Amino acid sequence: MPTPIYTADAFTDRPYRGNPAAVCPLDGPADAAWMQAVAAEMNLSETAFVWPLADGWSLRWFTPTVEVDLCGHATLASAHILWSQGYADPSSTLRFHTRSGLLTADFNDGWITLNFPNEAPHEVAPMPELTQALGVTPRWVGRNRMDVIALLDDAVTVRTLTPDMALLATIAARGVIVTAAGDQPGVDFVSRFFGPQAGVPEDPVTGSAHCGLAPYWGAVLHKIEMIGLQCSARSGFVKTTLVGDRVLISGQAVTVLRGSLVD
């Protein structure tokens, strides 16, 4: 039987915006080399593979070059596909078993809410190679187990930044996030995500980046609920809520492609 595969745009309610992810529902575990080959063929920032377990779903994420420990937009896309294409009941909570532990997804009034780990960054010494790669001097630099986070002067600087991707790729992290305070009504902070070291020069909307952004800005702004705008060319809004050692990440998604892999 052909293997179904879908593409969904995450963190948007319109096609061809937000962040596209491929989602491949399987009957059971697959060879990691095959999954990596499919992800390279799809050539999106992430391809997700899901298959049923006794108490939920196994979920793995691959960029075109590597498997990653956590991905928000491909989890959002996976939940959307499982519900919208009849693999799961939209009234049920989805339980995803992943390399980052148990993650859940709930659907309510057109929005999908993911329950992710709180990955609050800790401050680190400024890195000369980071400043050189960005072309600006960050006001603050932190990192968590996945990413480096650089606070820039303002949202305009974040939007207009043209980093040196070759230099960014030398920094030992999954990705480099640049962020600043929001500059429009209803937006608490803006960000962009660069991951050339993971085969993703710029990710359009990165849900898992908000596992670090939300606790950082929550401490700065003294807020629990916030809205982030990832201001890439495709852009997208991410709702966040801090709940202890977890971060609730909410967004919308739309299906843009249905197909099958030729075995």
Side-chain angles (χ1 to χ4, degrees), residues 11 19 68-73 75-76 98 100-106 111-128 130-131 133-134 136-159 161 163 168 171-195 202-232 235-251:
F11 295 111
N19 200 354
V68 297
D69 290 336
L70 187 64
C71 179
H73 87 276
T75 305
L76 191 85
T98 77
S100 287
L102 178 65
L103 309 176
T104 63
D106 290 282
W111 288 77
I112 297 169
T113 297
L114 308 177
N115 188 319
F116 269 38
N118 183 317
E119 302 282 356
H122 60 275
E123 186 173 6
V124 297
M127 295 171 274
L130 177 63
T131 298
L134 296 178
V136 297
T137 301
R139 296 175 58 186
W140 181 90
V141 179
R143 69 179 305 154
N144 56 24
R145 69 184 176 97
M146 300 177 294
D147 305 315
V148 170
I149 298 177
L151 176 66
L152 305 187
D153 287 337
D154 51 46
V156 172
T157 303
V158 171
R159 287 191 176 92
L161 198 70
L168 279 185
I171 296 172
R174 180 190 68 159
V176 172
I177 304 164
V178 294
T179 187
D183 62 348
Q184 57 184 272
V187 173
D188 294 289
F189 58 87
V190 300
S191 67
R192 289 171 69 190
F193 181 97
F194 306 105
E202 180 169 4
D203 196 35
V205 191
T206 316
S208 60
H210 291 73
C211 294
L213 288 166
Y216 171 79
W217 283 108
V220 171
L221 301 175
H222 306 290
K223 296 181 73 171
I224 299 297
E225 298 182 349
M226 292 162 288
I227 294 179
L229 169 62
Q230 193 158 331
C231 46
S232 65
S235 76
F237 293 94
V238 182
K239 291 182 180 181
T240 64
T241 304
L242 298 172
V243 184
D245 64 351
R246 310 295 292 179
V247 178
L248 303 184
I249 297 171
S250 299

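In this text, all values refer to a predicted model and were calculated from it rather than measured experimentally. We're numbering straight along the sequence, starting at 1.
- Heavy-atom minimum distance, Leu242 versus Gly218: CD1-CA, 4.0 Å.
- Looking at Arg192, its side chain never comes within 3.5 Å of a backbone N or O of Thr179 through a donor-acceptor pair.
- Counting only N and O atoms by type, the side chains of Thr113 and Ser250 include a donor and acceptor under 3.5 Å apart.
- Checked by atom type and distance alone, the side chain of Thr157 never pairs as donor or acceptor with a backbone atom of Asp153 at under 3.5 Å.
- Atom CD1 of Ile177 is separated from atom CD1 of Ile149 by 4.5 Å, given to the nearest 0.5 angstrom.
- Note that CZ of Phe116 is 8.5 Å distant from CG of Leu76, once rounded to the nearest 0.5 Å.
- Looking only at distances, a side-chain donor or acceptor of Asp147 sits under 3.5 Å from a matching main-chain atom of Gly175.
- A donor-acceptor pair shorter than 3.5 Å can be found between the side chains of Arg174 and Ser208.
- Listed for the Asp188 side chain is a donor-acceptor partner under 3.5 Å among the backbone atoms of Ile227.
- Not a single donor-acceptor pair under 3.5 Å links the side chain of Asn115 to the backbone N or O of Thr104.
- In terms of heavy atoms, Ser235 sits closest to Leu229 at CB-CD1, 4.4 Å.
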Practice problem: Any chance you could lay out the side chain to side chain contact (heavy atoms under 4.5 Å, CB included) test for Cys231 and Val158, step after step, and finish with the verdict? | Solution: CA-CA 8 Å; Cys231 46; Val158 171; 3.8 Å; yes
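- Rounded to the nearest 0.5 Å, atoms CG (Leu103) and CG (Leu70) are 6.5 Å apart.
- For the atom pair Leu248 CG and Leu114 CG, the distance stands at 9.0 Å (nearest 0.5 Å).
- We find the OG-CE distance between Ser100 and Met146 to be 6.5 Å, quoted to the nearest 0.5 Å.
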Quiz item: Should Val247 and His210 be marked as a side chain to side chain contact (heavy atoms under 4.5 Å, CB included) after you check the CA-CA gap, both sets of side-chain angles, and the distance that decides it?
Solution: CA-CA 8 Å; Val247 178; His210 291 73; 5.6 Å; no
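- For an aromatic pair to be called close, the ring centres must be under 6.0 Å apart, and Tyr216 with His122 fails this.
- Heavy-atom minimum distance, Ala181 versus Ala155: O-CB, 3.7 Å.
- Of the possible polar contacts, one joining the Asn19 side chain to the Val205 backbone as a donor-acceptor pair under 3.5 Å is found.
- Atom CZ of Arg159 is separated from atom CG of Asp154 by 9.5 Å, given to the nearest 0.5 angstrom.
- Ring planes of Phe189 and Trp217: parallel class, angle under 30° (limits at 30 and 60°).
- Although no hydrogens or angles enter the test, the distance criterion places a donor-acceptor pair under 3.5 Å between the side chain of Thr240 and the main chain of Met226.
- Judged by distance alone, the side chains of Gln230 and Thr206 do bring a donor and an acceptor atom under 3.5 Å apart.
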